[in-house]
Amino acid sequence: MDQFIVNIIHRPEMVPEYAEKVTGHGQAEDIGRSDLLTESLDIFKIQQECAHKNGLKTTIEMTYASLFNEEAVALAKEHHEKYGDEIGLTLLGLPCKEFREKYHTKEFCIWMFSMEDKKAIVQDVFEKFYECFGFYPKSTGSYYMDAELINYIKERYPSVTCAVATCWEEGPKAYHTCNNSWYTFMDGGPWAPWIPSKQNTHAPAADEAEDSGIVAIPHLSRDLIACYDGNGSNFGTHPQNVLRGMIYENGEYPYLYNLIDQFRYQAKFNSGYAYNMMFVGPAWMNKMGRWEAPFELLKKSYEDGCAYYGELKKEGKLTDMTMSEFAEYYRQKKSYREPECALWRDILYGSKKQVFWYCDPYMRACVNMDQGGAIVDLRPYVAKLEWQVGVGTARVQDASYPFLIQEKYRAGYFTHYAGEGTIRSAKLCYQGEEVDLCLCRTKAHFSEEKGERKLTLDPVEVVFRGLTVKVQTVITFPEGSGVIRTERKVLEMNDPKAEVTINEYMTGCYGTTEYPEDMSSLTLCVKKGEEKTEISYEYRCREAAVQGADEVSCLIPPVKTRVFMSCEGNGKEGYIKEGYAFSPMYTLGYTGKLREKEDFTTWLRLEKAD
């Protein structure tokens, strides 16, 4: 039977983000104002009550500010004894009178401090927790926790087994929808639980040597289409996210329940296991209202959300766990190289769009069935980039894991009048006509066998003048390989003697934002036997092609990655293309010939470059 697990996580954030200015009614800032602290604690109590009356246990992630509040500490102890709630410690909620007096800063993002300050703050917060409870926590978290921070916490406080470690797709899209003022960039991580590597939080560990010692969970469970296409803060299983996105009518929000159910459905692609979480602070239920919603609706939405989880639990369809309980379960359930998969459909806009997400220690990839099975997002986890984050590093705010393909930030198939966007697709050509499979919407069917996750796409028809071709695509992810295999087969033609040309290609670059990076260190290569032709990237629009090439590749030193393509098919020719300043991309590809009942297979492979 499929198992659906939920983590309900509350934090008694005594000085919650945004709330001071709302509660203060335009008064001068005072984060020690008694009515602010009282309201925050009252809302925390309501949130706890919503969970408990529906038979759900919670993880209480104590904030630094709450550790100075005797009532908050007493409540945590009481609920631990009475309901089995876990008492953890979050690194959110740092701002309070005591913190500001000691550290002389308004900074609240733990990953943005210098490493020296991170260590001092962690020690201060954890020791204060021990002073209050007599033990160290088993769980912690933040919006994001960089690898250095996680490694330090695990070394100094080995009791920690679980952490909220990233916020899925919290990058430029979120920044732009916050008036360009929300300086948190952490795109490119997993959307579901994983074991982070010691080298980079986003990249899952491939083995015990890379294991950071904790199980990581995302900050909120997001809609894997709506969040990717737009602002993720509006599309999550946190009820107030749904209200913020205005996805409700007459006080009802069926989208929330559909989103929870779609997470349940992912068990079919992950060996019978599915996961969901809510990580909630008191600011989202402000007595003054939020997101044009009154307090009454804010409260009702949270009550209804907990009631839905509670009903699923009564029906035996859900298991509620604390964070440390889940970490223990996950360690027993998942192997290092076992991927997380999600076959996701649009449940918000009625578009019938479908995407497939794949994540393992070697890559994160997204396949878009609206574009004929094109790969529209690709992250090279195999490189395990040791990118430090915070003050004193080269990336003070940007914690994102870089992409090789990203249709939102570096276009995709649909581009401007010139240039190309990043994508992995194929073109069919016949007598001077060319059709990219990106134009052919389809649907995928998932299967798993012999350690491979396979997408079999519905056949599509490509219509040329005088010729109609029915072609089927099968995309396979062999476990533990860093490889994506793509098979195209011509099922039938209206002229069985006809021959079409196929062009399998990947157009790529690298980066974390919309803005181009310096491509001058890249090297393109086409190789056959011992012979190879190389192009050192100089923005000169050069090309090279070799009949029967064994592989085509690009070395990308800034992200320590080499990407390869190889091929099996009739008349194959491998080629490489250098871009130019207006279109700073590179292209790897193979062309070949296809007749009826024939197929053409290519492999895309990622390797660490050093």
Side-chain angles (χ1 to χ4, degrees), residues 144 147 164-171 186-197 199-207 210-212 214-225 227-228 232 262-263 265-271 273-277 330-331 333-344 354-368 375-385 399-407 424 444 446 448 451-455 475-485 512 559 561 563 604-606 608:
Y144 178 73
V164 179
T166 197
C167 202
W168 194 71
E169 300 309 271
E170 177 92 31
M186 55 194 77
D187 277 345
W191 65 90
W194 77 106
I195 296 172
S197 64
Q199 299 92 334
N200 191 296
T201 296
H202 289 308
D207 50 39
E210 291 183 358
D211 192 331
S212 64
I214 69 161
V215 171
I217 59 177
H219 178 271
L220 303 183
S221 296
R222 307 288 198 181
D223 185 320
L224 300 187
I225 287 180
C227 175
Y228 180 74
Q262 182 145 212
F263 272 103
Y265 184 67
Q266 303 312 307
K268 297 184 181 299
F269 318 116
N270 295 283
S271 304
Y273 146 80
Y275 175 83
N276 197 217
M277 72 92 79
Y330 188 86
R331 291 278 182 181
K333 176 70 176 176
K334 302 276 280 190
S335 63
Y336 287 114
R337 300 187 182 190
E338 182 180 352
E340 184 77 24
C341 300
L343 187 54
W344 199 266
Q354 185 192 48
V355 301
F356 177 75
W357 286 95
Y358 178 91
C359 175
D360 71 8
Y362 308 97
M363 69 175 74
R364 193 193 81 174
C366 180
V367 180
N368 187 347
I375 297 172
V376 296
D377 187 286
L378 183 64
R379 314 276 172 157
Y381 287 162
V382 67
K384 295 293 188 296
L385 293 169
S400 294
Y401 199 93
F403 52 76
L404 304 180
I405 294 172
Q406 221 293 332
E407 65 167 340
R424 163 74 182 95
F446 177 89
E448 179 183 345
E452 295 186 334
R453 275 71 178 176
K454 182 177 294 186
L455 290 181
I475 303 171
T476 305
F477 297 82
E479 184 174 319
S481 66
V483 170
I484 304 173
R485 184 173 73 244
T512 59
V559 293
T561 300
V563 56
L604 178 66
R605 185 171 83 255
L606 302 179
K608 185 175 175 66

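Along the sequence shown, residues are numbered consecutively beginning with 1.
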Residues in ring pair (Phe, Tyr, Trp, His ring centres under 6.0 Å) contact with Phe269, at least two apart in sequence or another chain: Tyr265, Phe446

Set of residues satisfying salt bridge (Lys or Arg N to Asp or Glu O under 4.0 Å) with respect to Glu407, sequence neighbours excluded: none

Nearest-0.5 Å distance that lies between atom CD in Glu338 and atom CG in Asp360: 10.5 Å

Note: Glu452-Arg485 ion pair, threshold 4.0 Å (strictly below): yes

Test item: Gln266 side-chain N/O and Leu343 main-chain N/O as donor-acceptor pair under 3.5 Å: yes

Donor-acceptor pair, side chain of Thr201 and main chain of Ala147, under 3.5 angstrom: yes

Atom of Pro218, atom of Pro190 and distance for their closest heavy-atom approach: CB-O, 4.5 Å

Criterion salt bridge (charged side-chain N to carboxylate O under 4.0 Å, His left out) on Arg222 and Glu169, from CA distance to verdict: CA-CA 9 Å; Arg222 307 288 198 181; Glu169 300 309 271; over 6 Å; no

Parallel, tilted or perpendicular: ring planes of His202 versus Tyr144, cut at 30 and 60 degrees: tilted

Pair Arg364 + Asp377: basic N to acidic O under 4.0 Å: yes

Nearest atoms (heavy-atom pairs only) where Gly188 meets Tyr381: O-OH, 2.6 Å

Short side-chain donor-acceptor distance under 3.5 Å, Asp187 and Trp168: no

Smallest separation among heavy atoms of Met277 and Leu220, with atom names: SD-N, 3.0 Å

Residue pair Ile214 / Ile195, side-chain heavy-atom distance below 4.5 Å: no

Ring geometry between Phe477 and Tyr358 (parallel below 30°, tilted from 30 to 60°, perpendicular above 60°): parallel

Tyr273 and Tyr330 aromatic ring geometry - parallel, tilted or perpendicular at 30°/60° bounds: perpendicular

Spatial distance of atom CD1 (Ile475) from atom CG (Leu455) [nearest 0.5 Å]: 6.0 Å

Inter-residue atom distance Gln406.CD - Ile375.CD1, 0.5 Å rounding: 13.5 Å

Min side-chain heavy-atom separation Gln354-Ile225 under 4.5 Å: no

Flag side-chain contact, heavy atom, 4.5 Å: Trp357 against Cys366: yes

Stepwise side chain to side chain contact (heavy atoms under 4.5 Å, CB included) test for Arg337 and Tyr362: CA-CA 9 Å; Arg337 300 187 182 190; Tyr362 308 97; 3.2 Å; yes

Asp211 vs Arg331 side-chain heavy atoms within contact, under 4.5 Å: yes

Where Thr166 and Trp194 come nearest, the two heavy atoms and their spacing: CG2-CH2, 3.4 Å

Shortest non-hydrogen contact between Met186 and Ser400, atoms and distance: N-OG, 3.4 Å

Heavy-atom closest contact (Ile484 atom, Ala365 atom, distance): CD1-CB, 4.3 Å

Inter-residue atom distance Lys384.NZ - Thr561.OG1, 0.5 Å rounding: 10.5 Å

Salt-bridge present (Arg453, Glu448; N to O < 4.0 Å): yes

Side-chain heavy atoms of Cys341 within contact of Phe356, under 4.5 Å: yes

Flag side-chain contact, heavy atom, 4.5 Å: Leu385 against Tyr401: yes

ring-ring contact (aromatic ring centres under 6.0 Å, His included) between Trp191 and Phe263, intermediate numbers included: CA-CA 11 Å; Trp191 65 90; Phe263 272 103; 9.4 Å; no

Note, Val367 side chain near Val355 side chain (heavy atom, < 4.5 Å): no

Residue pair Tyr275 / Ile217, side-chain heavy-atom distance below 4.5 Å: yes

